[in-house]
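Single-structure report; data block below.
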Amino acid sequence: PLPMFGDLQIVQSRTNSGRTFQSLHSLQAAETSWVRCHVQQIRAKSNAVFMVLRHCGQTAQGVLFKGGSITKDMIKFASGLPRESVVEIQGLVQDANVTSCSLSHRELSVQ
(Lines give C-alpha, C1' and ligand atoms only; values in the text may rest on other atoms or scores of the structure.)
Protein backbone atom coordinates (compact mmCIF):
# COMPACT_ATOMS: atom_id res chain seq x y z
CA PRO A 1 0.00 0.00 0.00
CA LEU A 2 1.08 3.57 -0.73
CA PRO A 3 1.77 5.91 2.19
CA MET A 4 -0.92 8.42 3.19
CA PHE A 5 1.32 11.37 2.30
CA GLY A 6 4.91 12.04 1.28
CA ASP A 7 7.09 11.99 -1.79
CA LEU A 8 6.44 9.27 -4.34
CA GLN A 9 8.78 7.88 -6.97
CA ILE A 10 8.59 9.29 -10.47
CA VAL A 11 5.84 7.33 -12.23
CA GLN A 12 7.20 7.18 -15.82
CA SER A 13 4.44 4.66 -16.63
CA ARG A 14 6.26 1.88 -14.75
CA THR A 15 3.51 1.23 -12.25
CA ASN A 16 -0.23 1.60 -12.05
CA SER A 17 -1.62 2.79 -8.73
CA GLY A 18 -5.12 1.57 -9.62
CA ARG A 19 -6.52 5.02 -8.88
CA THR A 20 -9.08 6.58 -11.19
CA PHE A 21 -8.52 10.32 -11.45
CA GLN A 22 -11.29 12.84 -12.09
CA SER A 23 -10.88 16.11 -13.92
CA LEU A 24 -11.55 19.18 -11.81
CA HIS A 25 -14.58 20.31 -13.82
CA SER A 26 -16.29 16.91 -13.39
CA LEU A 27 -16.19 16.88 -9.57
CA GLN A 28 -19.63 16.27 -8.04
CA ALA A 29 -20.66 17.32 -4.53
CA ALA A 30 -20.70 14.65 -1.79
CA GLU A 31 -18.43 12.29 -3.79
CA THR A 32 -15.00 11.10 -2.78
CA SER A 33 -12.67 11.56 -5.74
CA TRP A 34 -9.02 11.30 -6.70
CA VAL A 35 -7.41 14.16 -8.64
CA ARG A 36 -3.92 14.54 -10.09
CA CYS A 37 -2.99 18.17 -10.59
CA HIS A 38 -0.41 20.91 -10.03
CA VAL A 39 -0.26 23.01 -6.87
CA GLN A 40 -0.53 26.59 -8.07
CA GLN A 41 -0.64 28.34 -4.70
CA ILE A 42 -0.53 27.40 -1.00
CA ARG A 43 -1.68 29.37 2.02
CA ALA A 44 -1.03 27.82 5.42
CA LYS A 45 -2.61 28.69 8.75
CA SER A 46 -1.80 27.04 12.10
CA ASN A 47 -4.06 23.98 11.66
CA ALA A 48 -5.14 24.36 8.04
CA VAL A 49 -3.79 24.54 4.50
CA PHE A 50 -5.58 26.05 1.51
CA MET A 51 -4.29 25.11 -1.94
CA VAL A 52 -5.18 26.25 -5.44
CA LEU A 53 -5.03 23.13 -7.60
CA ARG A 54 -4.69 23.38 -11.39
CA HIS A 55 -5.35 20.89 -14.19
CA CYS A 56 -6.04 21.54 -17.89
CA GLY A 57 -6.70 25.24 -17.38
CA GLN A 58 -9.16 24.67 -14.52
CA THR A 59 -8.49 25.62 -10.90
CA ALA A 60 -10.11 24.38 -7.71
CA GLN A 61 -9.50 24.87 -4.01
CA GLY A 62 -8.19 22.03 -1.89
CA VAL A 63 -8.37 22.28 1.90
CA LEU A 64 -6.77 20.36 4.76
CA PHE A 65 -7.92 20.84 8.34
CA LYS A 66 -6.16 19.14 11.26
CA GLY A 67 -8.26 16.38 12.80
CA GLY A 68 -9.28 12.81 12.06
CA SER A 69 -6.83 11.34 9.55
CA ILE A 70 -5.19 14.74 8.89
CA THR A 71 -2.23 15.02 11.28
CA LYS A 72 0.00 17.98 12.13
CA ASP A 73 2.79 16.29 10.11
CA MET A 74 0.52 16.12 7.07
CA ILE A 75 -0.33 19.83 7.46
CA LYS A 76 3.40 20.63 7.70
CA PHE A 77 4.21 18.52 4.62
CA ALA A 78 1.43 20.09 2.53
CA SER A 79 2.34 23.64 3.54
CA GLY A 80 5.94 23.03 2.41
CA LEU A 81 5.11 21.75 -1.07
CA PRO A 82 6.88 23.71 -3.81
CA ARG A 83 4.65 25.52 -6.28
CA GLU A 84 4.00 23.53 -9.47
CA SER A 85 4.36 20.22 -7.62
CA VAL A 86 2.29 17.43 -9.11
CA VAL A 87 0.05 15.96 -6.42
CA GLU A 88 -2.40 13.07 -6.19
CA ILE A 89 -5.16 13.95 -3.75
CA GLN A 90 -8.16 12.03 -2.49
CA GLY A 91 -10.86 14.19 -1.03
CA LEU A 92 -14.51 14.74 -0.40
CA VAL A 93 -16.04 17.24 -2.82
CA GLN A 94 -18.11 19.82 -0.98
CA ASP A 95 -20.24 22.76 -2.02
CA ALA A 96 -18.42 26.02 -1.32
CA ASN A 97 -18.23 29.61 -2.47
CA VAL A 98 -14.67 30.03 -3.79
CA THR A 99 -14.10 33.28 -5.66
CA SER A 100 -10.41 32.74 -6.43
CA CYS A 101 -10.82 29.58 -8.57
CA SER A 102 -12.54 28.74 -11.84
CA LEU A 103 -14.44 25.95 -10.05
CA SER A 104 -16.18 28.47 -7.81
CA HIS A 105 -18.97 26.30 -6.40
CA ARG A 106 -16.96 23.30 -5.12
CA GLU A 107 -13.86 22.54 -3.04
CA LEU A 108 -11.93 19.37 -2.33
CA SER A 109 -11.60 18.53 1.37
CA VAL A 110 -8.50 16.32 1.55
CA GLN A 111 -8.90 13.00 3.36
Does the side chain of Ile89 come within less than 4.5 Å of Leu53's, by heavy atoms?
-> yes
What distance separates Met51 CE from Cys101 SG, expressed to the nearest 0.5 Å?
-> 11.0 Å
Min side-chain heavy-atom separation Cys37-Val86 under 4.5 Å | no
Tightest non-hydrogen contact, residues Ser79 and Ala44, listed as CB-CB, 3.6 Å
Hey, what do you get for CZ (Arg19) to OG (Ser33), rounding to the nearest 0.5 Å?
-> 13.5 Å
Give, for atom CZ of Phe5 and atom CE of Met74, the distance between the pair rounded to the nearest 0.5 Å.
-> 6.5 Å
Indicate yes or no for a side-chain donor-acceptor contact from Thr59 to the backbone of Arg54 under 3.5 Å, with no hydrogens or angles considered.
-> no
Closest non-hydrogen atoms of Ile75 and Ser46, given as atom of the first, atom of the second and distance, are CG2-O, 4.4 Å
CG/Asp7 to CZ/Phe77 distance, rounded to the nearest 0.5 angstrom?
-> 4.5 Å
ILVMFWY network linking Leu103 to Val98, side-chain heavy atoms under 4.5 angstrom = no
Show your working on side chain to side chain contact (heavy atoms under 4.5 Å, CB included) between Val52 and Arg43 and close with a plain yes or no.
-> CA-CA 9 Å; Val52 175; Arg43 190 178 72 220; over 6 Å; no
Which pairs pass ring pair (Phe, Tyr, Trp, His ring centres under 6.0 Å) with one or both residues in residues 23-57, sequence neighbours excluded?
-> Phe50-Phe65
Side-chain heavy-atom pair Thr32, Gln90 within 4.5 angstrom cut-off = yes
Side chains of Ile42 and Leu81: closer than 4.5 Å at any heavy-atom pair?
-> yes
Solution key, residues 104-111 side-chain donor-acceptor pairs under 3.5 Å, sequence neighbours excluded:
{"unit_1": "Arg106", "atom_1": "NE", "unit_2": "Leu27", "atom_2": "O", "d": "3.4"}
{"unit_1": "Arg106", "atom_1": "NH1", "unit_2": "Asp95", "atom_2": "OD1", "d": "2.6"}
{"unit_1": "Glu107", "atom_1": "OE1", "unit_2": "Gln61", "atom_2": "NE2", "d": "2.8"}

Taken to the nearest 0.5 Å, the spacing of Cys56 SG from Leu24 CG works out to 8.0 Å
